[in-house]
Amino acid sequence: MSILGGGIFKGMAVTLRNFLGSYTNKKERLPTIDYSWRADGALPQGIGDYPKEKGEQLSDTTTVTEYSRNFPMLLHDGGEPMDTVRCVACQICERECPPQCIYIEKDYDENGKYIKRPAVFDIDVSVCMSCQICVEVCPFDAIVMNSQFELSTPDRFGGLLMRRDDLLKSNDYYHKIHPEEAAARDAKIAAEKAAKEAKKKAAAEKARAAAEKKATEAAKEDAK
Amino acid sequence: MSTAAAPNYELIQQDGLETNLLEVSMGPHHPSTHGVFRMDVKLDGETVVDLRPVFGYLHRNHEKLAENMSYLSSMPFTDRLDYFNSMTNNWAYALAAEKLIEVEVPERAEYLRVIMAELTRLVNHVTLIGFFINDLGALGTPLLYAFREREKILDLFEQASGARMMCNYFRFGGLRNDVPEGWLKRAGEVVDRFPYFLDEYEQLLCENEIILSRTQGVGNLPRELAISAGVTGPMLRASGVAYDLRKVDQYGIYDRFKFRVPYTEGDTGDCYDRFMIRVLEMRESIGILKQALAGISEGEIMGNAPRVFKPKPAESYGRIEGPKGELGFYLIADGTPKPYRYRVRPPSLINLTVLRDMCLGGKIADAVIILGSIDIVLGEVDR
Amino acid sequence: MNEEISFWILSAIAVLGALVAVRKRNLIHGVFALLVFFAGLSGLFLLLLAEFIAAVQVLVYIGAVGVLLLFAIMLTERVAGDDDRRMISRGWSWGLLAAAAVFVVLLLRPIQQLPSQDAAQPIKPSVEALGHKLINPYVVTLEVLALLLTAALIGAVTAAQGLRMPKEEDSPE
Amino acid sequence: MSFELLIDILIATVPLMLIFATVFAFTTWLERKALARIQNRIGPNKVGIPCTRIGLFGLGQPTADGIKMIFKENIVPTGADRLFHLLAPILALIPSMLVLCFLPLDFPWLNENSVKAFLLDGAVIFFFAITGLNTLAVFMAGWASRNKYSLLGGMRAVAQMISYEIPLVLSAVIVVMMVGSLDAAEIAGEQKGGNWFVFYPWGFAAFVIFFIAALAETNRSPFDLPEAESEIIAGYFTEYSGFKFALFFLAEYIAMFAISGLAVTLFLGGGDGPGLAVLPWLSVIWFLAKIFALIAVMIWLRGTLPRLRVDQLMGFAWKFMLPLSILNIFVAGFAWHAKQLDSQFIMVITWVISLAVLYGAASGLNQLNRGKVRPREYKYAE
């Protein structure tokens, strides 16, 4: 050590540099306040002064990043939500949910016949830990993550229990908040559908061929 | 061995005035116990005569919960073990499960895993040093510089995985999703910028006389004690053992990167060594990150693994060099979708076992910084 | 007139402090009451225009002796005594008698011999004069006192050294 | 009591109380703001004019804090000594306020009489005598709280304050020696025209020692052990809340002003500065500006340094500060005698020798005390 307390003076130089730098070089020194350094610029205006400046700037479709996830929502393909809802109430997500915050009841018509949609679909968002496992295990791409974060409520019980109708969101909305993910998912569904159709066609073909064969055989039998 | 570090207190009592020992229960709401941890300390004046760590305040039944749900479902719970390093926790668990179901991880996923793990190491070490200096009594300045840098890395995590801390990003056989466009470039920028920050950090801390005199010779951990107690990670390397699972196991693709393992020359480590080893490790991590960011190529990120599976009855142990030490997951499969036994080897807990040996004979202020230098996260200690 | 009012106020404080100091069983309370007494005394010195003595009174008695007493008390058992149980000694009347005797025998005559207020010359207070007095006529006394204090200091250091922890046999390099 | 004297006393004291209370509020804001900037934050910036969005750089923060403090619940622990718990913050505030009177501030509205009310012959020794009372207040608070952390903090505070009082006084003695007076105004007068004592080698050394000891006396970082948050929670005011806590806070800051004011008086020329010939009342501004400069350094140190350990703290006082300050007295005496010879050559020699002796002693003591503490080298395994 060359001078007395040299290390201390070095440290003081660093803090002085930071003190001055916080006025001159905001990008480097005040990254938590100055968001301009974020290359994607995904942060909406006004979020830096969040509770005071919200209003219209923070709409329902505010999203922080492409993959930002808060709580799940149920997708429907437009029109009357319950007619086009993708969920068939298979309850896989209910079983796989790690904190077990999903509750599903199947829907039955008046004859007691199971119609492929949920009668009750509750998510207790005070328990939900936004892990996205339900999204991944869903075979029907019916449940995806919403990025809405303004859910604070003075009601401890009802306010944080999201019912089926709160959870239902259209696919268009999904495209708005997570465009890339939604496009990929749509493509996947289309591909699956196409594959399924092809399979169905093939199966139908096969069945027809088999039926024809059978018919011919039966005819042969008859002929005998 | 434990008594070797502690001076003989009877001598003080012998010919001096008879004084009473002061029993102080530090914690669970003490400001510097890093969570809900308690130390029952017996003090002779300010000198620690006896110390009993008490934990379990944050116990949440992690292992038992995991034994009652499918393999995938406990993945998000591993985030909550060591909540600073969710990425590495994910990786260790994924390694263990991948051994059970034997899936191949695509190359891009392996690269991304390394990138995420090393970024996590940076996050962990930089904040740990901040907290450590905070325990030394600085008014949060180094901690806030650390948070400033951590913020940039957490933003990267958020852009990739959707969450800042509870990333839940790794999957058996790969990763949940690919990183968004331009992410690698941004990560490169952050990594390139990081050494400048480290220079500043070292300038602020490493030669400061107060830090030197507070940390050197405090909390000595002899090599034999460290080995026999099962201490791992930077703490073990600070005690003079160059043991790093990234070199030993070479899990993932760590054999492809050139990096060095810093360790202390002597056979005792003190708080200063533990602090410096972490600083040096960050530099190595930056080297790995640069190589990984240069070497990554396009490709698949998810191997051919089912979301929910029933592995054949088998055992597996997956371990990685986490930022805090060896993090291991031990799984026994019994043919059902749920593990028969799920066990975590938490580095925080095992490193904490030597706390008493290091603290005895020190001052009460030393006990605080020794605890800080161990680097524990109570989520992992108590599970 | 000002001086008189001040005198009575300060004397009252001093006497009250002394009384409380004697009667409190809680030792810490007692010490603080004693310090109040010292403070009153210091005020009285100030009233006599003996600034330096007043300052020294505060510095030494309140600052040093008070803290010393507190430290000593911290080493004793049962610091906070029972304040409800008043200290009533059986021989209190004898104590009163002794106090009266001391007053009559030792103090009465000097008080009577004090010059009347009109005759007293207003003194100009000066630290410098005190310094000269200390260095010129009383230099030997001062030196002896200084030596004594130094000896006490060295003794304290030695006593503290003796309590040092034994060095470890195999101190790690 | 004559009415004029009462008026004079009020004229002398009331502005002092008002000015320093205002300055206290401003300093808390300054400290928070400066620390925030050092730590790359913005600091208080919301509280300005009530009911509007005008922030005024957060200047309303001290007021808001004060209002909050007053209305917070006053909690006294069960089994605490209620009387002493109440008295301690008051006892802490009184000495700090009292010693402000001894600062040689030339307020333009003061007349001869009111000045005389406080300019005691032995102002400097009174200053030390009265600031010493702080120790008792801290001990009282620590003891009365019935909390182990408080007691530890109180004991730490007493040990620390007594230890550092010695180098503090010894470094002030040098100035007293040079001027030959304990009168603050006379000491300040001696340094008129830029002849500040800090510009002499012995003066500089004494100033540094004084400043370090002052940090310890006022419990500022890096000597804030009595209130070491990471070790003993908040030390002696762990159990204080609301207005009592605010009083402690106030006392601490006022003590900071007082001790900085003394440092300014002793070493930095008091109210001396350019422009005094034209506007005499500028001296008050200069005085306060110098106090603020010292306080800015204190804040800067607080933003940079961790704190010492308790044994190192005591060791530093007794093994470094005390020998150095005693040596400094000898150096100053030597220099004073050399000055009488009135020769340029001897003056230069004295300067060089004093510098060499002081620096050598300081670094020697530093080496002795630090032992094997050095930055280390580490090995790498491939």
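We name chains A, B, ... by the order of the sequence lines, and we start the count at 1 in each one.
Taking CZ from A:Phe9 and CD from B:Glu209, the interatomic distance works out to 9.0 Å, rounded to the nearest 0.5 Å.
In terms of heavy atoms, B:Ala163 sits closest to A:Arg69 at CB-NH2, 3.5 Å. Pairing each heavy atom of B:Gln203 with each of A:Lys10, the nearest pair is O-CB, 4.0 Å.
Within 6.0 Å of atom OH in A:Tyr108, more than 12 heavy atoms from other residues, nucleotides or ligands are found, so the atom counts as buried in its surroundings. A 6.0 Å sphere centred on CD of B:Glu300 holds no more than 12 heavy atoms belonging to other residues, nucleotides or ligands. Residue A:Lys106 places its NZ atom among more than 12 non-hydrogen atoms of other residues, nucleotides or ligands, all under 6.0 Å distant. Counted within 6.0 Å of OH on A:Tyr23, heavy atoms from surrounding residues, nucleotides or ligands total more than 12; the atom is thus considered enclosed.
In this structure, B:Phe77 has no ring pair (Phe, Tyr, Trp, His ring centres under 6.0 Å) partners at least two apart in sequence or on a different chain. Contacts of B:Tyr201 classified as ring pair (Phe, Tyr, Trp, His ring centres under 6.0 Å), with partners at least two apart in sequence or in another chain: B:Phe197.
Neither the backbone nor the side chain of B:Asp199 comes within contact range of chain A, judged by heavy atoms closer than 4.5 Å. Proximity to chain A is limited to the side chain of B:Asn177, based on heavy atoms less than 4.5 angstrom apart. With a threshold of 4.5 angstrom between heavy atoms, B:Met69 approaches chain A through side-chain atoms but not through N, CA, C or O.
Between chain A and the options B:Ile211, B:Leu205, B:Leu204, B:Asn68, heavy-atom pairs under 4.5 Å are most frequent for B:Leu204. Interface check for chain A: of the options B:Glu200, B:Arg80, B:Glu181, the most heavy-atom pairs under 4.5 Å are formed by B:Glu200. Per-residue heavy-atom pair counts under 4.5 Å with chain A were compared for B:Tyr196, B:Tyr145, B:Trp183, and the maximum is reached by B:Tyr145.
Scanning residues 13-21 of chain A against chain B with a 4.5 Å non-hydrogen threshold yields A:Val14, A:Thr15, A:Arg17, A:Asn18, sorted by number. Scanning residues 120-142 of chain A against chain B with a 4.5 Å non-hydrogen threshold yields A:Met129, A:Cys131, A:Gln132, A:Ile133, A:Glu136, A:Val137, sorted by number.
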